[in-house]
There are 2 protein chains.
Amino acid sequence: MWPGGRGAVTAPVPLAGHPPLQEDRTEMAVTLADVAARAGVSSATVSRVLNGNYPVAGGTRERVRRAVAELDYVVNGQARALAAATSDLVGVLVNDVADPFFGLIASAVQAEISAGAEPGGGKLAVVCNTGGSPEAELTYLTLLERQRAAGVVLTGSAVESAEHTAAVTARLTRLAASGTRIVLCGRPPLTLPDGGIAPATVAFDNRGGARRLTEHLLSLGHRRIGYVSGPVERSTTRHRLEGHRAALAVSDRPLGPDAEAYAERLTVHGTYDRASGYDAALELLRREPELTAIVAANDTVALGVCAALRDRGLSIPGDVSVAGFDDLPFSADVSPALTTVRIPLQEAGARAGKLVMGRLAPPPGGVATVGTELMVRGSTAPPAVRTA
Amino acid sequence: MWPGGRGAVTAPVPLAGHPPLQEDRTEMAVTLADVAARAGVSSATVSRVLNGNYPVAGGTRERVRRAVAELDYVVNGQARALAAATSDLVGVLVNDVADPFFGLIASAVQAEISAGAEPGGGKLAVVCNTGGSPEAELTYLTLLERQRAAGVVLTGSAVESAEHTAAVTARLTRLAASGTRIVLCGRPPLTLPDGGIAPATVAFDNRGGARRLTEHLLSLGHRRIGYVSGPVERSTTRHRLEGHRAALAVSDRPLGPDAEAYAERLTVHGTYDRASGYDAALELLRREPELTAIVAANDTVALGVCAALRDRGLSIPGDVSVAGFDDLPFSADVSPALTTVRIPLQEAGARAGKLVMGRLAPPPGGVATVGTELMVRGSTAPPAVRTA
DNA sequence: CTGTTAGCGCCTTCAT
DNA sequence: ATGAAGGCGCTAACAG
């Protein structure tokens, strides 16, 4: 602390008589120089055998190796990074690690990043949980920039505010300028204002998937379809909703000019979780008791919708059909099994991982869109015949 | 946005006197010295205002702040860590990010680690996905040691092999010796050979939970109970199985001395995933067609069991009762809702996070056990009356 | 309060 | 093939 300072107040001081929280013995770690001394060579030589990027005599190398083993030497990543101006950290930003949607992507990205890692080599995939908060997203980007990360993968929907987009773009531009590879996964491509090279993007066909899903419902005969959407400001939310509306727009719903207003009335926004689905379903039933189908913005929400319907004594799909989005693993296991739109999350994640590692050339135009597939299962069926 | 930042939509504009941004990835980053020059002070002063741990005159501070903003300066974490011998990385090792069990824990740990992060401060939670592989676990520990991580949280079951345990213990000992805080979460406490201080541990009462679960089944009248276990060598697997057997041991099963062999025959080992549950259920039915209940090692496995039973035309719980473990979010939503054992994963994760941040004193004895709670739901019921 | 001076541990030219 | 020396960017004693 500083001279005359009064800073001692903040330091967590262990109570008298009690041992400190943790053994604070800062035993000095063994360094390159220690190894060099032990092996009877210069530290430069040790560095060379460690990195294997420069010829070293066989005998010397052996001696160094032994010294390293005997001393349990572990390189100091910080020092190495500082000297070599490279880092072995790769950041993976996700909205919610607890959500399988992101878990599956992150898992695939991570596998790709660790792939082919030699003992001693290999990048460290850093999964950062933003909780969907724009501020946290920026904070993590700063943290990663501070660590001079080798790469960054941004997954999941983007918050669509001009301010936030600008802030993210600025961060990413700087990161890219300093050599960090940027990859977007499941998020719309970014356009750089100054004509700079936009990051490689693995996009999901949310719009198309949503459209086909609603078309499926329409073709079954449904006309009064509720939609449980996500938070308004997110790109994924918007795209899925647009797909849904696009399908409705070309349908023969007998509502004429009021069609749009009707669709609007049957749309409820929520968060991407189960509780929000539950509440939204009840709200939709209130707005339109004649409802025959509900489309949810994702599978988790759909589960909440199902719960609400059951609590209302309505059967699925007898009284109301329900559909989700993403095809998370549990979706095939609930009963009735959920009709949904499958996104090849693992494949997309693997692709993003390869891109950020530079093991895959960026797609032409910078954007690769992975397709979606309609999975028709037990939760959707033709509406009950009504004798209006 | 930065204080004093320009308009939201403006691209980062190179400052006069500085070379323009080039897409050439050799852009030299702004350093402390640059900021110091710009502000007309020494770099030490800049460092002081940045870290706020030393008094600096108000005017000077302001000038420095402005220079930082104008130059878009971001500290180099590597250099700082090297000089200060501290890192802001905290590793969180999980078996599988795609599994909500780990996702929930990781999410809570991470939230705790980021808690109270000032803009510019804050530790970076690094979620590392081991995939359950012992080698990957060791690799990550090495990587984290290399980065001189501030802390490490190990979550999930441990592989119970003397060799691996020794290897992990060695790594952890060294990490702890160099000042890294170690916390175990959902994994049995570690005993240090040399009397060193074992890491703080947040343990789950797997044994007790499993016992109560099987007792519940027994009290319903079940006697022929199949058990779908996890991989043999994992601690969690063993504990849950032990709890199950303990309950059986005191039951009035009319099988006499053969009881143990019978229990053995009705136990199938698998991996902790859905497919394994599916296969195991079929195998159990083959071994004992008179089965009236199946206990799964976790909820995901239970889902597979349910699917298999349904495919066999058996109703749940009419023909066979099914129970799981963990009480993951989806468990209440499948139908019938799953009887299971709830582990307060978020609470446990938060605790682990506090411990690793030094915000919570280690529990007496180093081990805090979080309780489990039996959640009786629709998937279990008395067995159908049989006219043997 | 502020500047000066040493390193932190490693990599990387240069010599040899 | 190896060693010596300088520096990566920052913090932390010491003076003033």
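Chain A is the first sequence line, chain B the second, and so forth, proteins listed ahead of strands; every chain is numbered from 1.
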Problem set entry | Closest heavy-atom pair and its distance - A:R351, A:L360 | CG-CD2, 4.0 Å
Exercise. Whole Å only: how far is the CG atom of B:L82 from the C1' atom of C:dG7?
Worked result: 9 Å
For this session: Answer yes or no: does a side-chain N or O of B:T45 lie under 4.0 Å from OP1 or OP2 of C:dT2?
Result: no
Problem set entry | Check against side chain to side chain donor-acceptor pair (under 3.5 Å), A:S114 and A:Q110 | CA-CA 6 Å; A:S114 301; A:Q110 185 275 333; 3.0 Å; yes
Problem set entry | Partner residues of B:T142 under the side chain to side chain donor-acceptor pair (under 3.5 Å) criterion, sequence neighbours left out | B:R171
Exercise. How does protein contact run along nucleotides 10-16 of chain C, one letter per nucleotide 5' to 3', with B for base contact, S for sugar-phosphate only, - for none, heavy atoms under 4.0 Å?
Worked result: BSBB---
For this session: Can you sort out the partners of B:T86 under side chain to side chain donor-acceptor pair (under 3.5 Å), two or more places apart, ordered by chain and number?
Result: none
For this session: Would you indicate, yes or no, if C:dT4 has its OP1 or OP2 atom less than 4.0 angstrom from a side-chain nitrogen or oxygen of B:S42?
Result: no
For this session: Write out all pairs satisfying side chain to side chain donor-acceptor pair (under 3.5 Å) with one or both partners inside residues 147-156 of chain A, taking only residues at least two apart or from two chains.
Result: A:Q147-B:D88
Seminar exercise, completed: Contacts satisfying salt bridge (Lys or Arg N to Asp or Glu O under 4.0 Å) that involve residues 62-76 of chain A (not counting sequence neighbours) are A:R38-A:E70, A:D72-B:R174
Exercise. What pair of heavy atoms forms the shortest contact from A:V30 to A:D34, and how long is it?
Worked result: CA-OD2, 3.3 Å
Exercise. So, are B:E112 and B:R359 salt-bridged, with charged N and O less than 4.0 Å apart?
Worked result: yes
For this session: Have a look at the helix from C:dC1-D:dG16 to C:dT16-D:dA1 and give the angle its two end axes make, five pairs each, rounded to 10 degrees.
Result: 30°
